[in-house]
Q: 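Okay, handing you the structure first.
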Amino acid sequence: KQWYQRRVRGRVEPIKIDPFKEKSAGLGQAAAKEEECRKILQKEQARLDAYKRNEAVLLQQFRQNKSQQAGMKNLISTVRKCQNVCRQMDEKYGIVPLQPWYWPPSQDDQESDEDEEEEPDPEKVILPELDAYLRYKHSYCVWCGVKYSNRDDLITHCPGDTQDAHDQDETGDFADDTDFAD
C-alpha cells in the first residue's frame with residue numbers, strides 16, 4: 001500500500017504557464033507595459049467622465065427646452081381661451097373689440113391677415129392686456145373663470161390678477177380671508 005500512495009500523490013498543482021513571457025521580454029519591460037496600460041486607462045476614464053458631464057448638461061438643456069415649449073403651449077392655449085371668452089361677452093353686450101386680436105381669428109381673417117400686421121407676442125402683450133380688458137370691461141377673471149356681478153365683487157373675491165396669485169390661493173390661503181362656506 002505504501003508504494004501506491006507514493007505514486008498517486010505526485011504533483012498536486014499544474015504547471016503555470018505565463019502568457020506574457022516576462023522573463024524573456026527583458027528588464028523593465030513589464031513595468032513599462034503596466035505604465036502604458038495605466039495611462040490608457042486614465043485617458044479612457046477622463047473621456048468617460050467628460051461624456052457623463054456633457055450628457056448631464058445636454059439632459060438639463062433638453063428638460064429646459066421641453067419645459068419652455070410646454071409653457072408656451074399653455075400660454076397660447078390660455079390666450080385662445082381668453083379670446084373666446086372676450087368674443088362671447090363682447091357679442092352678448094354688443095361691444096366692438098378695441099383691438100382685432102381681442103377676438104380669436106376666424107378662418108376668413110386668417111386668409112386676409114397675410115398682408116396685414118401680425119398679432120403681438122402672446123407672452124408680453126396679449127395675455128395681460130386681455131386679462132385687464134376682461135376684468136375692467138366685463139368683471140371677468142381669466143384665472144378664476146368666473147364672471148362677477150361688478151368690479152367691487154371681483155376685487156373682493158378674486159385673489160389677484162395673475163396666475164401665481166391664484167396658484168397660491170389653491171393651497172387654501174385666501175388673499176382676502178373670505179369664507180366660502182356660506
Side-chain angles (χ1 to χ4, degrees), residues 16-87 99-107 109-111 113-136 140-146 154-155 157-178 180:
K16 293 184 180 181
I17 299 173
D18 189 8
F20 296 109
K21 297 184 180 182
E22 291 178 13
K23 294 178 183 172
S24 64
L27 294 176
Q29 291 292 327
K33 270 191 172 183
E34 187 176 313
E35 184 65 29
E36 184 180 335
C37 287
R38 188 177 295 120
K39 286 180 182 178
I40 291 172
L41 183 64
Q42 286 174 349
K43 285 180 184 178
E44 185 66 21
Q45 187 64 39
R47 188 185 69 79
L48 287 174
D49 290 343
Y51 177 77
K52 285 180 182 178
R53 281 192 303 271
N54 189 29
E55 184 180 36
V57 168
L58 289 175
L59 183 62
Q60 183 181 9
Q61 288 175 349
F62 175 77
R63 287 179 179 160
Q64 286 175 346
N65 288 342
K66 284 297 184 183
S67 176
Q68 287 174 351
Q69 288 175 354
M72 185 56 78
K73 189 175 181 180
N74 186 25
L75 180 67
I76 290 171
S77 171
T78 304
V79 167
R80 293 294 177 228
K81 288 176 186 175
C82 290
Q83 288 175 329
N84 287 329
V85 168
C86 186
R87 180 181 201 140
Q99 297 288 340
W101 45 265
Y102 275 13
W103 289 5
S106 65
Q107 291 179 352
D109 293 341
Q110 288 177 353
E111 293 172 3
D113 280 345
E114 293 173 1
D115 56 333
E116 295 179 18
E117 65 182 57
E118 294 184 23
E119 65 181 36
D121 185 25
E123 185 175 5
K124 296 178 181 173
V125 178
I126 292 180
L127 189 58
E129 192 167 329
L130 268 175
D131 181 39
Y133 175 76
L134 288 169
R135 290 176 78 82
Y136 177 76
Y140 179 83
C141 177
V142 172
W143 310 111
C144 294
V146 175
L154 172 75
I155 293 169
H157 293 100
C158 181
D161 62 350
T162 63
Q163 186 176 10
D164 292 337
H166 287 76
D167 289 343
Q168 290 174 355
D169 184 46
E170 289 177 2
T171 62
D173 300 331
F174 291 104
D176 58 1
D177 296 327
T178 305
F180 289 107

Q: Between Cys144 and His157, does the side-chain contact (heavy atoms from CB on, under 4.5 Å) criterion hold? Intermediate values first, please.
A: CA-CA 10 Å; Cys144 294; His157 293 100; over 6 Å; no

Q: Take Asp131 and Trp143 through the side-chain contact (heavy atoms from CB on, under 4.5 Å) test and state the conclusion after the steps.
A: CA-CA 9 Å; Asp131 181 39; Trp143 310 111; 3.9 Å; yes

Q: Mind checking side-chain hydrogen bond (donor to acceptor under 3.5 Å, both in side chains) for Asp49 and listing every partner two or more places apart, or none if nothing turns up?
A: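 Testing Asp49 for side-chain hydrogen bond (donor to acceptor under 3.5 Å, both in side chains), a comparison that skips the adjacent residues, returns Gln45.
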
Q: Locate the shortest heavy-atom distance separating Arg135 from Cys141; write the atom from each residue and the value.
A: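 Looks like NH1-SG, 3.6 Å.
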
Q: Let me confirm one number: the SG-CD1 distance from Cys82 to Ile126, rounded to the nearest 0.5 Å.
A: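 Rounded to the nearest 0.5 Å, the SG-CD1 separation comes out at 10.0 Å.
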
Q: Ion pair present between Lys52 and Glu55, side-chain N to carboxylate O less than 4.0 angstrom?
A: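 Salt bridge absent between Lys52 and Glu55.
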
Q: What's the spacing between Gln64 CD and Gln68 CD if we round to 0.5 Å?
A: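 Rounded to the nearest 0.5 Å, the CD-CD separation comes to 7.0 Å.
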
Q: Quick one: pull up CG in Asn74 and CD in Gln163 and give me the separation to the nearest 0.5 Å.
A: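 If we round to the nearest 0.5 Å, Asn74:CG and Gln163:CD are 6.5 Å apart.
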
Q: Measure the CG-CG distance between Leu58 and Asn65 for me, rounded to the nearest 0.5 Å.
A: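 Reported to 0.5 Å precision, the distance equals 10.5 Å.
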
Q: Would you please name every residue forming a side-chain hydrogen bond (donor to acceptor under 3.5 Å, both in side chains) with Arg63, sequence neighbours left out?
A: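 Partners of Arg63 by the side-chain hydrogen bond (donor to acceptor under 3.5 Å, both in side chains) criterion come out as none, since no residue qualifies.
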
Q: Ignoring hydrogens and angles, tell me if any N or O in the side chain of Asn84 forms a donor-acceptor pair with the backbone of Arg80 under 3.5 Å.
A: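 A pair under 3.5 Å: yes.
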
Q: Find the distance between CD1 (Ile155) and CG (Asp161) and round it off to the nearest 0.5 Å.
A: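 Nearest 0.5 Å value for the CD1-CG distance: 10.5 Å.
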
Q: Would you say the side chain of Val85 lies within less than 4.5 Å of the side chain of Val142, judging by non-hydrogen atoms?
A: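 SC-SC contact between Val142 and Val85 ruled out.
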
Q: Thinking salt bridges, do Glu36 and Lys33 make one under a 4.0 Å N-O criterion?
A: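 No salt bridge links Glu36 with Lys33.
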
Q: For Leu130 and Gln83, work out which heavy atoms get closest and say how close.
A: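 Heavy atoms only, the tightest pair is CD1-CG, 3.7 Å.
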
Q: Could you tell me if the side chain of Tyr133 sits less than 4.5 Å from the side chain of Gln99, heavy atoms only?
A: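 No, side chains not in contact.
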
Q: When rounded to the nearest 0.5 angstrom, what is the spacing between NZ in Lys73 and OG1 in Thr78?
A: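 Rounded to the nearest 0.5 Å, the NZ-OG1 separation comes to 12.5 Å.
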
